[in-house]
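Nothing here was measured: the structure is a model prediction, and the numbers come from that model.
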Amino acid sequence: MSKIKHNKKQLEAIHHLDGPLLILAGAGSGKTRTLTARIANIIESGKAKPFEVLAITFTNRAAREMRQRIEETIKTDTTDMWVLTFHAMCSRILRQHIEKLERGYTKWFSIYDDADSLAVLKVIASSLNLNTNYYSPQALRSHISTAKNALLDPEAFKLSMKDDFRAENIAQAYKMYEDELQKNNSLDFDDLLIKVLELFVSCPDVLSKYENRFKYIHVDEYQDTNVAQYEIIKALSATRRNVCVVGDEDQSIYGWRGADINNILDFEKDFLDAKVIKLEQNYRSTSHILDAANAIIKNNTDRKEKTMWTNRGKGIQTVFYKATTEREEAEYIYTEIKKMTVLGDYNLQDIAILYRTNALSRIMEDRFMRAGMSYAMYGGQKFYDRKEIKDLTAYLRCIVNPADEGALIRIINIPKRGIGATTVGRLRTIAQANNLTLRKAMHEEEKIADVMGSAARSKILGFSNMMDKLDEKRSFLSLVDFIEEVMNLCGMVDFYKAQKTEEAEGRLSNMGELLSAAREFVIENEDASLETFLENIALVSDIDSLKESRDHITMLTAHSAKGLEFPVIFTIGMEEGLFPHQRAMGSEEEMEEERRLCYVAMTRAMDRLYLTCSTGRLMFGTRRYNPLSRFIDEIPEELLNNTTPKPKVVDKSTFRKTATFNFTEFSQSRMKIKKSKKTKDKKELGMGDKVEHKKFGKGTIISISSSATGSVYTIAFKGEGVKELDGRYANLKKL
DNA sequence: GCGTGTGGGGTTTTT
DNA sequence: CCCCACACGC
């Protein structure tokens, strides 16, 4: 295996070790192989010891794979080589040094996930009396995250959005949120990055420790880094400048999360002497697939010129199929899979179903389940996001980090033990007045007696004693035994056992699964402890556990498919509003990101690619008629094999006819009345039509949905975003 | 403090 | 269509 052949460009990258290096690695160009070989080369040539190499990846799975491959190549132990994600790296640095920030953080800090952050923001929003129409907790969360990713503090953020009337309030919520997290000795995902930067600034010795250590730095999936991550890389590589970044701007799909595509587009501006190597040979896909993907991506303007090619041969055309209902779409896919597996062309594990949104997986799931065809789904409801698991980990967090009141409040009444909002409120008042944590305040029996009745008092006492007992047990129980003890002592096991419902049973078995996860964690990690286990839970996603060898179909979102490949790919729901997603309709930039996402999805395929859609689809309980995805139109006809039975040609005009037909079918008599009404004042409106609205200006109709009362148009307005308007009232002028 | 019913609102993607 | 938040009644 060590004598793997590399092409000329790859060899160049493998041997160019010193100075900044940008590898523009297109889809399927052997990026990981090259990176692995380069790291092996660094070690084997004696330029650095394993512990002096840093490799940052995007997912834990990628990190694990890379480490494995490096180990196979150099046949040396790599335990002390840092091959991890940005977040894991930052967490590791902070566990060691965060106390130097002198802001009250301890190394037992909790990591808040989205739900934890939202809970905090809900309280803040209501304490500020913010109108939730303008300030939903989600919106606040997203603004704060944007601010943090751009390295703006509340003050700077306020200035940056001074045109927005909400600036003042959002900045204030941001500030309060920061204070609350700090008080709770907690960091959210964005904080992990930011606090490391703060640490580097305030403690130059910490920075130089890592700067000296890491002689060679690698960043995979560089197109998905945000400003904070970029700054971390810059800081770590400032002296030696041995930084090698690998990425593909055409696969930048995390802009919504703060990833800045300019990091890759402008790398050469920041590192003037950067060597740039383009890997343009694709080893994965046949040319029919690659050409179709190229045809789509070339419609983007925000990219570097790059032409991917392959010598895998033409292969077969990309298959297109248009169903009339989502069930029929699922049926078609099922039949195709059945065909190819019965013929023995492919096994189930060779096949993946990709979709834009998790909601689309459901129909496929139904179909596979009915057929008894095994499948595995990734994404969606994550294991650690399940209520009972979050509750249990909240218990564990309370125990590790007594300052974590978010966690404490979450579980103080779980299972129900009669400690309601009023009691918690009173307890909080006591805590605040005496500058105590909630846990400590529970011991202030006299003060509690002043404001509460004996019933509430004894309930608090009971809870407090239980937590104290757990604290004690932690010191002598193993990780697994301790977690089991928490489950039993806190009462969750009894609570669910008593219910005797299927749902409760599921929750119990999930709790059992958590125990198994802990057991496995102990086996795999030398430094396993309650703290490291919790950290692992916070930073791991379920795509990380994707298994390869099992015989099942894989179902995942296009996002989580990044970095994977399958012989057969089905990309479903190729419809305007779904893929590209509605939310992207308003802006050209977001549309380009959708296109990149589509490119990512298509380039996962090695031999066979299917693109499917349905003219009608049940959404929100009503039937919707979405036009065909523009991405399908961007593929030249000769590259597409349209297997849709009736209408042979795929173009917009055919589509419109079909859509109207279904429309009428829905309720013919009513439709006639409506039509006559409508034609009275307006010309008929179809999908894709440009319209003008008095208030919102010019826009494009992206979908039409029918209800008993008439049709509702979903229209993307320039600069105004996407609106839903009732055809009966909205004064729409056809342009 | 808690259970029930209703009404309204909501589905992008994830470390 | 489903899941939540909220209000009400016990």
Side-chain angles (χ1 to χ4, degrees), chain A residues 56-63 84-91 111-115 117-118 122 126 132-133 136-138 141-142 145 148-149 187-193 221 224-226 228-229 252-259 326 354-363 378-382 384-385 387 412-413 415-426 452-453 455-456 459 535-544 556-563 573 577-585 590 593-594 596-598 600-601 617-624 722 724:
Chain A
I56 302 174
T57 60
F58 196 70
T59 64
N60 296 292
R61 182 178 47 79
L84 24 65
T85 64
F86 267 107
H87 291 85
M89 170 179 82
C90 290
S91 181
I111 298 174
Y112 272 30
D113 68 13
D114 236 47
S117 299
L118 280 177
K122 246 176 232 169
S126 77
T132 48
N133 287 331
S136 71
Q138 285 86 346
R141 169 89 195 91
S142 120
S145 184
K148 287 185 172 184
N149 285 324
L187 305 179
D188 65 19
F189 283 123
D190 304 323
D191 285 336
L192 290 173
L193 309 170
E221 308 284 9
D224 287 323
T225 52
N226 62 30
Q229 291 165 335
S252 167
I253 54 175
Y254 285 97
W256 51 274
R257 212 170 79 187
E326 70 279 2
L354 307 188
Y355 33 81
R356 176 66 241 262
T357 65
N358 276 303
L360 284 183
S361 64
R362 206 150 162 177
I363 326 123
Y378 298 89
Q381 166 84 286
K382 276 173 276 173
Y384 292 115
D385 280 350
K387 184 191 175 314
I412 195 164
N413 201 27
K416 297 245 142 64
R417 50 171 74 90
I419 307 181
T422 344
T423 308
V424 173
R426 288 176 182 151
M452 291 181 224
K459 283 167 188 162
E535 168 153 322
N536 185 259
I537 288 175
L539 297 180
V540 118
S541 75
D542 66 356
I543 186 78
D544 297 326
L556 22 63
T557 62
H559 278 91
S560 39
K562 193 177 70 167
L578 279 178
F579 205 172
H581 194 270
Q582 286 211 6
R583 296 274 296 249
M585 295 294 178
E590 283 180 63
E593 182 151 315
E594 292 290 310
R596 292 192 291 267
L597 185 58
C598 181
V600 168
R617 189 177 291 278
L618 215 49
M619 287 167 91
F620 302 105
T622 46
R623 193 144 280 278
R624 291 252 199 165
V722 177
E724 295 215 336

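- Note: A:Leu84 CG to A:Thr57 OG1 = 7.0 Å, rounded to the nearest 0.5 Å.
- Taken to the nearest 0.5 Å, the CG atom of A:Leu618 stands 5.5 Å off from the CD atom of A:Glu326.
- Between the P atom of B:dT13 and the CG atom of A:Asn226 lies a distance of 20 Å, rounded to the nearest Å.
- Whole-Å rounding puts the A:Ile412 CD1 to B:dG1 P distance at 11 Å.
- Using atom C1' as the reference point in both C:dC4 and B:dT13, the two lie 22 Å apart (nearest Å).
- Considering only side-chain atoms of A:Lys122, the nucleotide from B:dC2, B:dT15, C:dA5 that sits closest is C:dA5.
- Comparing atom distances between the A:Ala359 side chain and each of B:dT11, B:dT15, C:dC2 picks out B:dT11 as nearest.
- Aromatic stacking of A:Trp256 on B:dT13: satisfied, with centres closer than 5.5 Å and planes within an angle under 30 degrees.
- A straight line from CG of A:Leu360 to P of B:dG10 spans 20 Å, rounded to a whole angstrom.
- Rounded to whole Å, the distance from CG on A:Leu539 to C1' on B:dT14 is 12 Å.
- Using modelled atom types, no side-chain atom of A:Arg141 and backbone atom of A:Ser117 make a donor-acceptor pair closer than 3.5 Å.
- Distance CZ (A:Arg362) to C1' (C:dC3): 11 Å, rounded to an integer number of Å.
- Of the candidates B:dT13, B:dT15, B:dG1, the closest approach to any side-chain atom of A:His559 belongs to B:dT13.
- The side chain of A:Ser560 places no N or O atom within less than 4.0 Å of a non-bridging phosphate oxygen (OP1 or OP2) of B:dT13.
- Between the P atom of B:dT11 and the CE atom of A:Met585 lies a distance of 17 Å, rounded to the nearest Å.
- Nearer to the 5' terminus of DNA chain B, by closest-nucleotide assignment, is the contact made by A:Gly420 (compared with the other of A:His581 and A:Gly420).
- Protein atom CG of A:Asp114 is 12 Å distant from nucleotide atom P of B:dT15, rounded to whole Å.
- As rounded to whole Å, 13 Å separates atom C1' of B:dT13 from atom CZ of A:Arg596.
- Here A:Asn413 reaches the OP1 or OP2 of B:dC2: one of its side-chain N or O atoms lies under 4.0 Å away.
- In this structure, A:Phe58 reaches the sugar-phosphate backbone alone: every heavy-atom distance under 4.0 Å involves primed, P, OP1 or OP2 atoms, never a base.
- Contacts of A:Asp113 with the nucleic acid, taken as non-hydrogen atoms under 4.0 Å apart, are absent.
- Toward the 5' end of DNA chain B, the nearer of the two residues A:Thr357 and A:Lys459, judged by each one's closest nucleotide, is A:Lys459.
- When distances are taken from the side chain of A:His87 to each of B:dC2, B:dT13, B:dT15, the shortest belongs to B:dT15.
- Salt bridge annotation for A:Arg257-A:Asp224: absent, with no cationic side-chain nitrogen under 4.0 angstrom from a carboxylate oxygen.
- Counted by atom type alone, A:Ser145 and A:Ser142 present zero donor-acceptor pairs between their side chains at under 3.5 Å.
- Distance from the side chain of A:Thr422 is smallest for B:dG1 among the nucleotides B:dT15, B:dT13, B:dG1.
- Checking the phosphate oxygens (OP1, OP2) of B:dG1, a side-chain nitrogen or oxygen of A:Thr423 falls inside 4.0 Å.
- Across all strands, A:Ala421 comes closer than 4.0 Å only to sugar-phosphate atoms, never to a base (heavy-atom distances).
- The side chain of A:Phe189 sits closest to B:dT15 out of B:dT13, B:dG1, B:dT15.
- Aromatic ring centres of A:Tyr112 and A:Phe189 lie farther apart than the 6.0 Å criterion allows.
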